[in-house]
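The block underneath contains the structure these notes are about, expressed in structure tokens.
First the proteins, then the strands, lettered A, B, ... as listed; each starts at 1. What you see below is based on every heavy atom in this structure, not just the backbone, and it leaves out hydrogens, waters and symmetry mates.
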There are 2 protein chains.
Amino acid sequence: MENNLKNRNRDPDCPVRTVLDRIGDKWAVLVITTLGEEGTMRFNHLYETIGDISQKMLTVTLKKLQEDGLVSRKMYQEIPPRVEYTLTDTGVTLVPLLNALAEWANANMKGIKKSRSVYAEVN
Amino acid sequence: MENNLKNRNRDPDCPVRTVLDRIGDKWAVLVITTLGEEGTMRFNHLYETIGDISQKMLTVTLKKLQEDGLVSRKMYQEIPPRVEYTLTDTGVTLVPLLNALAEWANANMKGIKKSRSVYAEVN
DNA sequence: TTTGCCAATTACTTTGGGGTAAGTAATACT
DNA sequence: AGTATTACTTACCCCAAAGTAATTGGCAAA
């Protein structure tokens with residue numbers, strides 16, 4: 001409660017920013033919410049479910065999420081290769097927050113779109 | 001509940017993406033949470049409170065938020081000019097969600113940083 | 001008369017996110 | 001022999017987002 005706004009915002013280690021670097025990433029959010037609904041998934045399953053992500057961005061995003069300990073990766077020594085991705089316990093705790101945002105989005109999209117079109121008319 | 005994941009994700013009007021376009025923006029989040037704490041603020045007050053945003057990005061961000069109807073702008077015909085920014089009712093409803101994310105960030109930053117450093121060592 | 005204030009705007013440059021396409025390893029199938 | 005599969009990696013390129021720095025307008029105070 002007694003946080004100093006200025007200090008918080010200037011802090012290079014600001015937790016909010018640390019998190020936004022990941023959560024603000026559209027692909028990361030999509031991966032987390034998708035894993036949150038489907039549980040464990042293989043690479044191509046994620047790739048097809050998300051639909052418009054490229055392989056490159058999926059690889060990059062998964063790597064970042066592993067790095068942060070939000071997603072775990074399990075590789076099977078088989079041919080053809082099999083790799084499974086699952087949310088970690090920490091990752092799971094993020095899902096309800098993202099879902100809350102999604103619900104907010106659903107509830108407010110109409111108003112936002114209307115506001116945008118009104119704004120566009122005036123300008 | 002019976003949402004089809006694939007359809008949802010391929011939908012160009014997907015609410016989640018519509019919202020992420022704004023919420024995923026680091027500056028927008030900073031502006032909303034700052035206004036959420038301080039109430040009405042003038043341009044320079046926001047500028048100084050956020051600290052490391054440029055005037056340009058603050059202007060651009062405020063414009064986007066107005067466009068979406070999340071922030072209202074009130075201009076006084078005075079010299080030197082005075083402009084006040086306030087969250088709209090819709091904008092206010094977003095604050096607790098963003099604060100929840102901030103709390104999550106605070107609670108999990110330590111773990112994330114540790115995970116990152118462990119990951120860095122291995123690779 | 002020069003400076004400062006406030007809220008921008010403009011011009012210019014840089015960064016990097018993200019796309020496409022091709023390549024890779026190792027094996028099984030035809 | 002040739003092709004498919006899986007989970008990537010690599011190389012190359014583009015464009016929009018964001019940063020920097022200078023400028024504006026109109027008035028008041030030093």
Side-chain angles (χ1 to χ4, degrees), chain A residues 9-10 12 14 17 20-32 34-35 38 40-68 71-86 119 122-123, chain B residues 9-10 12 14 17-32 34-35 38 40-68 71-86 119 122-123:
Chain A
N9 286 335
R10 288 181 202 279
C14 168
R17 297 185 187 206
L20 270 182
D21 281 346
R22 294 292 190 248
I23 304 324
D25 180 9
K26 156 185 160 189
W27 296 132
V29 171
L30 249 12
V31 166
I32 292 171
T34 304
L35 281 178
E38 300 265 307
T40 296
M41 293 175 84
R42 298 179 62 179
F43 185 87
N44 274 349
H45 189 194
L46 266 169
Y47 181 60
E48 284 154 19
T49 303
I50 294 180
D52 59 353
I53 192 173
S54 67
Q55 288 189 323
K56 175 188 166 184
M57 289 316 296
L58 182 53
T59 304
V60 169
T61 302
L62 285 169
K63 208 174 279 181
K64 283 189 201 166
L65 292 174
Q66 284 171 67
E67 195 179 338
D68 285 3
V71 162
S72 68
R73 180 191 143 109
K74 187 171 181 184
M75 221 180 113
Y76 296 85
Q77 286 300 352
E78 302 176 2
I79 301 261
R82 179 156 62 105
V83 183
E84 288 179 349
Y85 294 94
T86 314
Y119 186 93
V122 176
N123 306 272
Chain B
N9 285 336
R10 286 180 205 280
C14 169
R17 296 185 189 208
T18 303
V19 163
L20 271 182
D21 281 347
R22 294 292 189 251
I23 305 323
D25 180 10
K26 156 187 160 190
W27 296 132
V29 172
L30 249 11
V31 167
I32 292 171
T34 304
L35 281 177
E38 300 267 306
T40 297
M41 292 174 86
R42 298 179 61 178
F43 185 87
N44 273 349
H45 189 193
L46 267 168
Y47 180 60
E48 284 154 20
T49 303
I50 294 179
D52 60 353
I53 192 173
S54 67
Q55 290 186 322
K56 176 188 165 184
M57 289 316 296
L58 181 52
T59 304
V60 168
T61 302
L62 285 169
K63 208 174 279 180
K64 283 189 200 166
L65 292 175
Q66 285 171 66
E67 194 179 340
D68 285 4
V71 162
S72 68
R73 180 191 141 111
K74 187 171 181 186
M75 220 179 113
Y76 297 85
Q77 286 300 353
E78 301 174 3
I79 299 233
R82 179 155 62 106
V83 183
E84 288 179 349
Y85 295 95
T86 313
Y119 186 94
V122 177
N123 305 274

* Asked: Are a donor atom and an acceptor atom from the side chains of B:Thr49 and B:Thr34 found within less than 3.5 Å of each other?
  -> no
* Which heavy atom of A:Phe43 sits nearest a heavy atom of A:Leu62, and at what distance? -> CD1-CD1, 4.1 Å
* Asked: To the nearest Å, how far apart are A:Asp25 CG and C:dG17 C1'?
  -> 9 Å
* Structure fact -> Atom CD of B:Gln77 and atom P of C:dA8 are separated, to the nearest Å, by 12 Å
* So what does A:Tyr85 touch, heavy atoms closer than 4.0 Å: a base, only the sugar-phosphate, or nothing? -> sugar-phosphate
* To do: Specify the residue among B:Lys56 and A:Asn44 whose closest nucleotide of DNA chain D lies further upstream toward the 5′ end.
  => A:Asn44
* Point-to-point distance, once rounded to the nearest 0.5 Å, from CG of B:Asp68 to NZ of B:Lys63 -> 14.0 Å
* Any side-chain heavy atom of A:Gln77 sitting closer than 4.5 Å to one from A:Arg82? -> no
* Quickly work out the B:Met57 CE to C:dA7 P distance and round it to whole Å. => 19 Å
* Structure fact -> Rounded to 10°, the helix from C:dT1-D:dA30 to C:dT30-D:dA1 deviates from straight, judged by its five-pair end axes, by 30°
* Asked: What integer distance in Å separates B:Met41:CE from C:dC6:P?
  -> 14 Å
* Structure fact -> Across all chains, not counting sequence neighbours, the side chain to side chain donor-acceptor pair (under 3.5 Å) partners of B:Arg73 are B:Tyr85
* To do: Using a 4.0 Å heavy-atom cut-off across all strands, classify A:Lys26 as base, sugar-phosphate, or nothing.
  => nothing
* Asked: Does A:Ser54 put a side-chain nitrogen or oxygen below 4.0 Å from OP1 or OP2 of C:dG18?
  -> no
* Asked: Given C:dA7, is OP1 or OP2 found less than 4.0 Å from the side-chain N or O atoms of B:Arg82?
  -> no
* Report the distance from atom CE of A:Met75 to atom P of C:dA25, rounded to the nearest whole Å. => 15 Å
* Asked: Do B:Met41 and B:Leu35 come close enough that some side-chain heavy atom pair is under 4.5 Å?
  -> yes
* C:dT9 OP1/OP2 closer than 4.0 Å to side-chain N/O of B:Lys63 -> yes
* Structure fact -> From CD of A:Glu78 across to C1' of C:dT27 the rounded distance in Å is 12 Å
* Asked: Going 5' to 3' along DNA chain D, which nucleotides are the first and last within contact of chain A (any atom under 4.0 Å from a heavy atom)?
  -> D:dT5 to D:dT9
* Asked: Between A:Tyr47 and A:Ile53, is any pair of side-chain heavy atoms under 4.5 Å apart?
  -> yes
* Asked: Closest to the A:Trp27 side chain: C:dA8, C:dG19, C:dA7?
  -> C:dG19
* Structure fact -> d(B:Thr40 OG1, B:Glu38 CD) to nearest 0.5 Å is 10.5 Å
* **Result of checking A:Leu65, A:Thr86, A:Thr61 against A:Val71 for side-chain contact (heavy atoms from CB on, under 4.5 Å)** => A:Leu65
* **Rounded interatomic separation in angstrom, taking CZ from B:Arg42 and P from C:dC5** => 12 Å
* **Residue mapping more 5' on DNA chain D - nearest nucleotide basis, A:Pro81 or B:Ile53** => A:Pro81
* Test item: A:Lys64 and B:Tyr119 side chains (from C-beta on) under 4.5 Å apart, heavy atoms -> no
